[in-house]
Asker: 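Please see the structure below; I have some questions.
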Amino acid sequence: DDLIALARAANPLPSPDGSEIVYKVRGANWARNASTTRTWRITAAGVTERVRELKGEIVWSPDGKSLAFATKPKGGRYAQIHLYVPGKKVRHLTQLRSSASGLAWSGDGARIYFLADKPDDPATAARIKAKDDMFAFEAPRRRAMLNYLDLASGQVVTVVSGDLDVRSFSIARDAGT
């Protein structure tokens with residue numbers, strides 16, 4: 001029982017200059033019969049603080065001054081991408097029609113790249129709503145596409161889409177793709 005009750009630190013994410021680390025602590029809430037995940041930040045000086053605002057997938061900006069994070073849709077809501085700057089209020093950047101994953105900053109910090117499911121066309125959405133779609137049970141039907149969020153304009157731009165599935169990507173250090 002004692003081993004199960006131990007909290008576990010996971011997913012350490014050092015800042016680009018190594019002066020801070022953001023990490024998650026997973027534990028158990030026995031009263032609710034559920035697991036808990038909390039995000040913490042520690043500085044090189046050993047100062048630790050819980051960061052309640054950070055949830056989901058987290059990635060440092062290239063300059064190490066902020067963190068972007070994506071929250072997943074719950075109960076049919078839209079996913080969102082946010083910006084967290086220590087000591088400031090979380091800034092909502094965009095809302096998406098599907099979940100976002102694989103967040104990565106461009107080298108110049110002007111864009112945040114991410115993968116998102118391609119939205120269903122109206123005919124497919126109607127079949128799924130009517131539960132008349134064999135793919136919902138037999139095979140994955142969604143295709144991931146590569147997008148970026150332009151921080152200056154707030155626009156989401158699709159980079160790669162089509163009848164394919166983007167599983168991963170890399171961003172060149174010089175801000176190119």
Side-chain angles (χ1 to χ4, degrees), residues 3-29 32 34-74 77-117 142 144-152 154-160 165-177:
L3 187 58
I4 293 173
L6 284 176
R8 296 164 308 285
N11 305 68
L13 186 62
S15 63
D17 66 0
S19 65
E20 298 180 49
I21 297 175
V22 171
Y23 62 98
K24 299 191 181 216
V25 175
R26 295 192 173 108
N29 181 332
R32 291 187 174 173
S35 64
T36 61
T37 302
R38 291 185 168 72
T39 305
W40 293 81
R41 189 177 74 155
I42 187 168
T43 66
V47 176
T48 305
E49 73 168 319
R50 181 169 171 210
V51 188
R52 295 179 190 275
E53 298 87 355
L54 292 175
K55 297 177 181 357
E57 185 175 343
I58 303 167
V59 62
W60 282 101
S61 63
D63 64 5
K65 293 180 181 177
S66 60
L67 295 129
F69 66 102
T71 55
K72 295 184 179 184
K74 292 182 181 179
R77 287 189 190 159
Y78 295 110
Q80 297 180 344
I81 298 178
H82 311 273
L83 186 68
Y84 169 78
V85 178
K88 294 188 178 179
K89 187 176 179 181
V90 170
R91 187 174 132 208
H92 167 73
L93 298 176
T94 193
Q95 186 166 293
L96 307 167
R97 293 177 57 194
S98 65
S99 61
S101 63
L103 271 64
W105 288 79
S106 61
D108 62 0
R111 298 175 176 171
I112 300 171
Y113 288 83
F114 61 94
L115 298 175
D117 291 339
R142 299 220 181 238
M145 40 184 202
L146 177 61
N147 306 279
Y148 70 79
L149 169 63
D150 182 278
L151 294 176
Q155 297 286 30
V156 173
V157 177
T158 299
V159 179
V160 177
D165 194 15
V166 181
R167 300 267 178 172
S168 64
F169 64 95
S170 296
I171 303 298
R173 292 183 188 266
D174 66 357
T177 56

Asker: I want to check something: taking the side chain as every heavy atom from C-beta on, are Ser35 and Arg26 in contact at a cut-off of under 4.5 Å?
Answerer: no

Asker: Just jot down the ring-ring contact (aromatic ring centres under 6.0 Å, His included) partners of Phe114, sequence neighbours excluded, or say none.
Answerer: none

Asker: Does Thr158 have any side chain to side chain donor-acceptor pair (under 3.5 Å) partners at least two apart in sequence or in another chain, and if so, which?
Answerer: Asn147

Asker: Do Asp150 and Val157 come close enough that some side-chain heavy atom pair is under 4.5 Å?
Answerer: no

Asker: Does any part of the side chain of Val59, heavy atoms only, come nearer than 4.5 Å to the side chain of Tyr113, both counted from C-beta?
Answerer: no

Asker: Of all residues at least two apart in sequence or in a different chain, which pass the side chain to side chain donor-acceptor pair (under 3.5 Å) check with Gln95?
Answerer: Gln80

Asker: If the condition is side chain to side chain donor-acceptor pair (under 3.5 Å), which residues does Tyr148 pass it with, not counting sequence neighbours?
Answerer: Arg111

Asker: Look up atom CG in Asp108 and atom CD1 in Ile171, then write down how far apart they are to the nearest 0.5 Å.
Answerer: 10.5 Å

Asker: Is the side chain of Arg8 donor-acceptor paired with the backbone N or O of Leu6 at a distance under 3.5 Å, no angle test?
Answerer: yes

Asker: Suppose we screen for side chain to side chain donor-acceptor pair (under 3.5 Å). Which residues come up paired with Ser61, at least two apart in sequence or across chains?
Answerer: Asp63, Ser66

Asker: Enumerate, atom names and distances included, each donor-acceptor pair closer than 3.5 Å involving a side-chain atom of residues 16-24, sequence neighbours excluded.
Answerer:
from, atom 1, to, atom 2, distance (Å)
Asp17, OD1, Ser15, OG, 2.8
Asp17, OD1, Ser19, N, 2.9
Asp17, OD1, Ser19, OG, 2.8
Asp17, OD2, Ser19, OG, 3.3
Glu20, OE1, Arg41, NE, 3.3
Glu20, OE1, Arg41, NH1, 3.2
Lys24, NZ, Gly56, O, 2.6

Asker: Does Val25 offer a backbone N or O that forms a donor-acceptor pair with the side chain of Trp40 under 3.5 Å?
Answerer: no

Asker: Rounded to the nearest 0.5 Å, what's the gap from OG1 on Thr71 to CD on Glu57? Could you check?
Answerer: 11.5 Å

Asker: Any donor-acceptor pair under 3.5 Å linking the side chain of Lys55 with the backbone of Arg52?
Answerer: yes

Asker: Are side-chain heavy atoms of Leu93 and Ile112 found at a separation under 4.5 Å?
Answerer: yes

Asker: Could I get the full list of side-chain contact (heavy atoms from CB on, under 4.5 Å) partners for Arg32, not counting sequence neighbours?
Answerer: Asn29, Ala34

Asker: How many angstroms lie between CG in Leu115 and CZ in Phe169, if you round to the nearest 0.5 Å?
Answerer: 5.0 Å

Asker: Sequence neighbours left out, what passes salt bridge (charged side-chain N to carboxylate O under 4.0 Å, His left out) with Arg167? Give chain and number order.
Answerer: Asp165

Asker: Output every pair passing salt bridge (charged side-chain N to carboxylate O under 4.0 Å, His left out) with a member in residues 79-91, not counting sequence neighbours, ordered by first then second residue.
Answerer: none

Asker: What pairs with Ala44 under side-chain contact (heavy atoms from CB on, under 4.5 Å), at least two apart in sequence or on another chain?
Answerer: none

